[in-house]
Amino acid sequence: MQKNYYITTPIYYVNDVPHIGHAYTTLACDVLARYKRLTGYTVKFLTGTDEHGQKVEQSAQKAGVTPLEYATKYSAHFQRLAKTLNISNDDFIRTTETRHKQAAQALWHKLEANGFIYLGSYAGWYSVRDEAFYQESELVNGKAPSGAPVEWVEEPSYFFKLSAFEQPLLDYYAEHPETIAPKSRYNEVLSFIKGGLKDLSISRTSFAWGIPVPNNEKHIMYVWLDALANYLTAIGYPDEQSPDFKNFWENVTHVVGKDIVRFHAVYWPAFLMAAGLNLPKRIYAHGWWTNEGQKISKSVGNVIDPYALIDTYGLNAVRYFLLREVPFGQDGDFSHTAMIRRINTDLSNDLGNLCQRVFSQVFKNCNGLTRPETLTAEDTALLEKAYALPEVVGKELEVQAFHKALEEIWNVIGDANRYVDAQAPWALKKTDVERMKTVLYTLVETIRCAGLILQPFMPDAMAELLDFLHIPHDQRDWTFVVAGHALQTVPLDEPKPLFPRFVEEA
RNA sequence: GGCUCGGUAGCUCAGCGGUAGAGCAGGAGAAUCAUAAUCUCUUGGUCGGGGGUUCAAAUCCCUCCCGAGCCA
């Protein structure tokens, strides 16, 4: 039976250049996508840009370009980021594309046909910057709680009968609590729904940059309804019979930042229920990064540029750090010293040096290893831990526990380093060459397994490692993390350090 | 103001009813294959305060203090 997996990042709003938060979300999805592909799944990995809304319209006007020109320029930034991060997305959607306009309007039609949309009027304090309405009582000194300016807006508006989904959502989540993670977000969403759901204004007439409401072009679709629909667009909606749609909508995972949980865990599922579609399998909300202990903000000027990070530390290290340092779902702090510690301790000392000490000995003493006849209990113990990695690591990745997955892999790397010391192959060289070969074989085999398992996290570095070991490209998925696929007898080249230590410039 | 989640070694955190744990940092030693990397041992905590339940509590209950988030 075919196994399918659909993974999405949020679509990024084109009013800003990419920062570490965008990189983080996309990276997490990339690891999941690569992991699933390595375990036999057919994967659809989607990312993209959200290009409509009053904010874009106004920014474009200020810049003296059309909204589409403006959006195209910023969308390119995000496309470039994906390339720079070596992201394996299968599609990049822009909400200004025709396919999306058609899908979003079709979704609107469906909601309307099913009786969940009605025309009313809306009045309230609106913040363009926040894309949100506020009650009089919510205003602080005449401004939004966020500090954004607000304006009084009174206009006819279509409404979505969100109130009708209060009980259905509560029932659904009671039955499928694993849908929203981590647990703290699940609690938040439930308490929000229990607090009562009011019908949602889903159209605007005060600006033009958006998808027109079908049959009433004076109205523009609410940006969130427009944006969320992208997840359907990319798999062929409204053609619910298309292969992509049938395969992928049954198993979708949305990774989002914690600020947009409500849209994904309340509004979006309600839209889907109203459209007669099944709900996402998993909505994971991750946390925010701080910079050297300080909250990141544009006004403070401490925004972290992902390109600068990669320039300084290298892509492999950045990918590793972001997913290892902090439990996914919690806030984390980015600091130079923490980054250096991870590079030098985990990557250079533990893994890099393990490879170097093992490969050097193979290269000098017994290049072209073959599988030994007999293994001792110590050899078997190490190999069994290596062969258990797909299951152990997979279990953590299934629940998006990246840091634990990496911890498990480093447990085996630690065992391997201890094994080298205990077996002392450099001593065996003088006393028992056959035994030395067995020990080195066991180590190279362990490294091969770790390399295969680490591919989703550091695809570049692991490709280099596996190439070095002459592992054929068709023997790199996780089904090969078993005995019998170990070594090519092809001799190794002279080894070079895989992860050089990070040395501070004086 | 209501709800939720946290407060455990210098730092980040795990443990969630049965004699306090990991990683990193600090200290001592071993080894010398290796990116001065590795390995072993080790210093270090009245588990936020107080009260209660229990033969037994970081672990359950109450209360207070502190922090974070969501909602009003």
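Note that this is a predicted model, so its numbers are computed, not measured. The chains referred to below are lettered A, B, ... by the order of the sequence lines, with proteins before strands, and numbering in each begins at 1.
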Provide the distance between the two P atoms, one in B:rG23 and one in B:rA9, to the nearest whole Å. 16 Å
Give me the distance, rounded to whole Å, that separates B:rA58 from B:rU8 when you measure between the P atoms they each carry. 15 Å
Does A:Y35 use its side chain to pair, donor to acceptor, with the backbone of A:Q455 at less than 3.5 Å? no
note: A:K364, atom NZ; B:rC33, atom P; distance rounded to Å ~ 8 Å
Output yes when a side-chain donor or acceptor of A:D333 lies under 3.5 Å from a complementary backbone atom of A:E292, and no otherwise. yes
For RNA chain B, find the residues of residues 257-271 of chain A with a heavy-atom distance under 4.0 Å and give them by number; none if there aren't any. A:R262
Give A:L498 one of three labels, base, sugar-phosphate or nothing, depending on what nucleic acid heavy atoms sit under 4.0 Å from its own. base
A:I447 and side chain to side chain contact (heavy atoms under 4.5 Å, CB included): which single residue from A:T442, A:V358, A:L452 fits? A:V358
With ring centroids as reference points, do A:F334 and A:F321 lie under 6.0 angstrom apart? yes
Is A:F359 touching bases, backbone alone, or none of the nucleic acid, heavy atoms closer than 4.0 Å? nothing
Which of the following nucleotides, B:rC33, B:rC39, B:rU35, is nearest to the side chain of A:R418? B:rC39
Which is true for A:G195 with a 4.0 Å heavy-atom rule: it touches a base, it touches only sugar-phosphate, or it touches nothing? nothing
How close or far is atom C1' of B:rA34 from atom NZ of A:K429, stated in whole angstroms? 13 Å
Taking the P atom of each, how far is B:rA22 from B:rG45, in whole Å? 15 Å
Could you run down nucleotides 21-26 of chain B 5' to 3' and tag each one B, S or - for protein heavy-atom contact under 4.0 Å? ---S--
With salt bridge (Lys or Arg N to Asp or Glu O under 4.0 Å) as the test, would you mind laying out the steps for A:D199 and A:K161 before giving the verdict? CA-CA 5 Å; A:D199 290 350; A:K161 286 188 188 171; over 6 Å; no
Please state the P separation for the pair B:rU43 and B:rG48 - nearest whole angstrom. 23 Å
Are A:W289 and A:Y24 close enough that their ring centers fall under 6.0 Å? yes
Let me see the working for A:E434 and A:K437 under salt bridge (Lys or Arg N to Asp or Glu O under 4.0 Å), right down to the final yes or no. CA-CA 5 Å; A:E434 278 313 302; A:K437 286 185 184 173; 3.7 Å; yes
Nucleotide by nucleotide, 5' to 3', does protein get under 4.0 Å of the base (B), only the sugar-phosphate (S), or neither (-) in nucleotides 3-14 of chain B, counting heavy atoms? -SS-------S-
Rounding to an integer number of angstrom, what distance separates B:rU46 and B:rU42 when you compare their C1' atoms? 22 Å
Answer yes or no: is there a side-chain heavy-atom contact under 4.5 Å between A:E464 and A:L498? yes
Without decimals, in angstroms, what is the distance between A:K198 NZ and B:rC71 C1'? 12 Å
From the candidates B:rC39, B:rA37, B:rA34, the one with an atom nearest any side-chain atom of A:N349 is B:rA37
With no hydrogens and no angle check, is any side-chain donor or acceptor of A:T345 less than 3.5 Å from a backbone partner on A:R342? no
Without decimals, in angstroms, what is the distance between A:N353 CG and B:rC33 P? 13 Å
Do the non-hydrogen side-chain atoms of A:S203 and A:F159 ever get within less than 4.5 Å of each other? no
Dump the intermediate steps for salt bridge (Lys or Arg N to Asp or Glu O under 4.0 Å) on A:R448 and A:E445, then the final yes or no. CA-CA 5 Å; A:R448 180 186 69 94; A:E445 171 66 347; 2.8 Å; yes
Expressed as a whole number of Å, how far does the C1' atom of B:rA14 sit from that of B:rG6? 14 Å
Flag yes if more than 12 heavy atoms outside A:E151 fall under 6.0 Å of its CD atom; otherwise flag no. yes
What nucleotide, of B:rU35, B:rC33, B:rA37, holds the atom closest to the side chain of A:Q356? B:rU35
Would you kindly give the CZ-to-P distance between A:F192 and B:rG69, to the nearest whole Å? 18 Å
